[in-house]
Amino acid sequence: EAGVVQSPRYKIIEKKQPVAFWCNPISGHNTLYWYRQNLGQGPELLIRYENEEAVDDSQLPKDRFSAERLKGVDSTLKIQPAELGDSAVYLCASSALTTATDTQYFGPGTRLTVL
Amino acid sequence: AQTVTQSQPEMSVQEAETVTLSCTYDTSESNYYLFWYKQPPSRQMILVIRQEAYKQQNATENRFSVNFQKAAKSFSLKISDSQLGDTAMYFCAFDSWGKLQFGAGTQVVVTP
């Protein structure tokens with residue numbers, strides 16, 4: 001069974017430029033998560049989707065971050081414009097259930113460097 | 001709000017030896033789940049072990065086992081017969097209704 005797929009693995013951009021990350025969850029997983037992991041810290045949730053609905057986006061900086069999961073499968077996270085402080089690893093995870101806690105499986109992440 | 005505390009920034013252990021990582025958490029929830037994830041240099045977050053709070057029996061996965069003390073809100077991980085491939089950052093995580101809260105992590109270094 002294929003795991004969570006993310007692309008790109010690495011991205012280097014200059015500040016004020018836009019950037020987008022893509023995630024494809026494990027087949028059949030209805031819940032999808034985006035996390036940000038700063039250097040030396042644990043991941044922090046940005047947004048959680050149940051199917052195509054964003055059910056928790058309280059930690060998403062909405063002035064510059066946006067996300068979508070139009071068909072309830074793959075998802076895109078966008079930053080526009082990027083700032084120096086956005087340099088981090090962006091992790092995508094998925095889980096099977098939507099109504100109760102279930103184990104989250106993570107992708108390999110995208111390391112973003114903003115210069 | 002839930003908080004997860006890992007008080008050991010780094011632990012070193014020799015091959016074949018045992019190491020125990022500590023984790024404490026704070027919550028007012030009665031139903032929740034606890035996890036240990038490992039993150040090697042590749043950055044892939046890999047599930048090590050999972051514990052449901054309603055289960056009194058401690059979870060075990062091969063060389064990995066936990067000591068879950070619900071009243072003390074403690075959830076330690078024991079790695080037995082350590083292998084070089086166990087070198088990684090280990091994160092304790094708390095989950096209540098789908099929101100994972102991670103600790104700061106403990107770097108485990110296994111030496112020959």
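The chains referred to below are lettered A, B, ... by the order of the sequence lines, with proteins before strands, and numbering in each begins at 1. Values reported hereafter were calculated over all heavy atoms of this structure, with side chains retained and with hydrogens, waters and symmetry mates removed.
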Participant: What's the spacing between A:C92 SG and B:M45 CE if we round to 0.5 Å?
Facilitator: 12.5 Å
Participant: Under 4.5 Å, heavy atom to heavy atom: which of residues 6-13 of chain A reach chain B? Give them by number, or say none.
Facilitator: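 Listed by number, the contacting residues are A:R9, A:Y10.
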Participant: If you count heavy-atom pairs within less than 4.5 Å of chain A, which of B:M89, B:Q101, B:Q39 leads?
Facilitator: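 Option with the greatest count: B:Q39.
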Participant: Go through the atoms of A:E44 and report whether side chain, backbone, both or neither lie under 4.5 Å from a heavy atom of chain B.
Facilitator: neither
Participant: Could you grab the distance from atom CG of A:D56 to atom NZ of B:K99, nearest 0.5 Å is fine?
Facilitator: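 With rounding to 0.5 Å, CG (A:D56) is 4.5 Å from NZ (B:K99).
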Participant: Crowded around A:D63 CG? As in, over 12 foreign heavy atoms under 6.0 Å?
Facilitator: yes
Participant: Where on A:Q41 is there a heavy atom nearer than 4.5 Å to chain B: the side chain, the backbone, both, or neither?
Facilitator: backbone
Participant: So if you build clusters from Ile, Leu, Val, Met, Phe, Trp, Tyr with side-chain heavy-atom gaps below 4.5 Å, do B:F68 and B:L21 land together?
Facilitator: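 Linked within one cluster.
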Participant: In terms of hydrophobic clustering (I, L, V, M, F, W, Y; side-chain heavy atoms under 4.5 Å; direct or indirect links), are A:W34 and A:I26 co-clustered?
Facilitator: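 Different hydrophobic clusters.
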Participant: Carefully, step by step, assess B:L47 and A:Q104 under the rule side chain to side chain contact (heavy atoms under 4.5 Å, CB included).
Facilitator: CA-CA 8 Å; B:L47 176 69; A:Q104 296 183 30; over 6 Å; no
Participant: Does NZ belonging to A:K71 count more than 12 external heavy atoms closer than 6.0 Å?
Facilitator: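 No, NZ of A:K71 has 12 or fewer neighbouring heavy atoms, counting only those of other groups under 6.0 Å.
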Participant: For B:K78, does the NZ atom have more than 12 heavy-atom neighbours from other residues, nucleotides or ligands under 6.0 Å away?
Facilitator: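 Atom NZ in B:K78 is not packed in, count stays at 12 or less.
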Participant: Is B:V108 reachable from B:F75 through a run of hydrophobic residues whose side-chain heavy atoms are each under 4.5 Å from the next?
Facilitator: yes
Participant: Start with the C-alpha distance between B:R43 and A:F106, add both sets of side-chain angles, then the distance that settles side chain to side chain contact (heavy atoms under 4.5 Å, CB included), and finish with yes or no.
Facilitator: CA-CA 10 Å; B:R43 299 198 313 273; A:F106 286 79; over 6 Å; no
Participant: Would a single hydrophobic cluster contain both B:F91 and A:L46, if residues Ile, Leu, Val, Met, Phe, Trp and Tyr are joined by side-chain heavy-atom contacts under 4.5 Å?
Facilitator: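 Different hydrophobic clusters.
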Participant: In this structure, are over 12 heavy atoms from other groups packed under 6.0 Å from B:N31 atom CG?
Facilitator: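 Check fails, neighbour count at 12 or below.
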Participant: Do B:L84 and B:V19 land in one hydrophobic cluster if side-chain heavy atoms of ILVMFWY residues count as linked below 4.5 Å?
Facilitator: yes
Participant: Is it the backbone or the side chain of B:L100 that comes under 4.5 Å from a heavy atom of chain A, or both, or neither?
Facilitator: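 Both backbone and side chain.
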Participant: In residues 78-90 of chain A, which residues are in contact with chain B at a heavy-atom separation under 4.5 Å?
Facilitator: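 Listed by number: A:V89.
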Participant: For the OH atom of B:Y37 and the OG1 atom of A:T103, what is their distance to the nearest 0.5 Å?
Facilitator: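 The distance works out to 6.0 Å.
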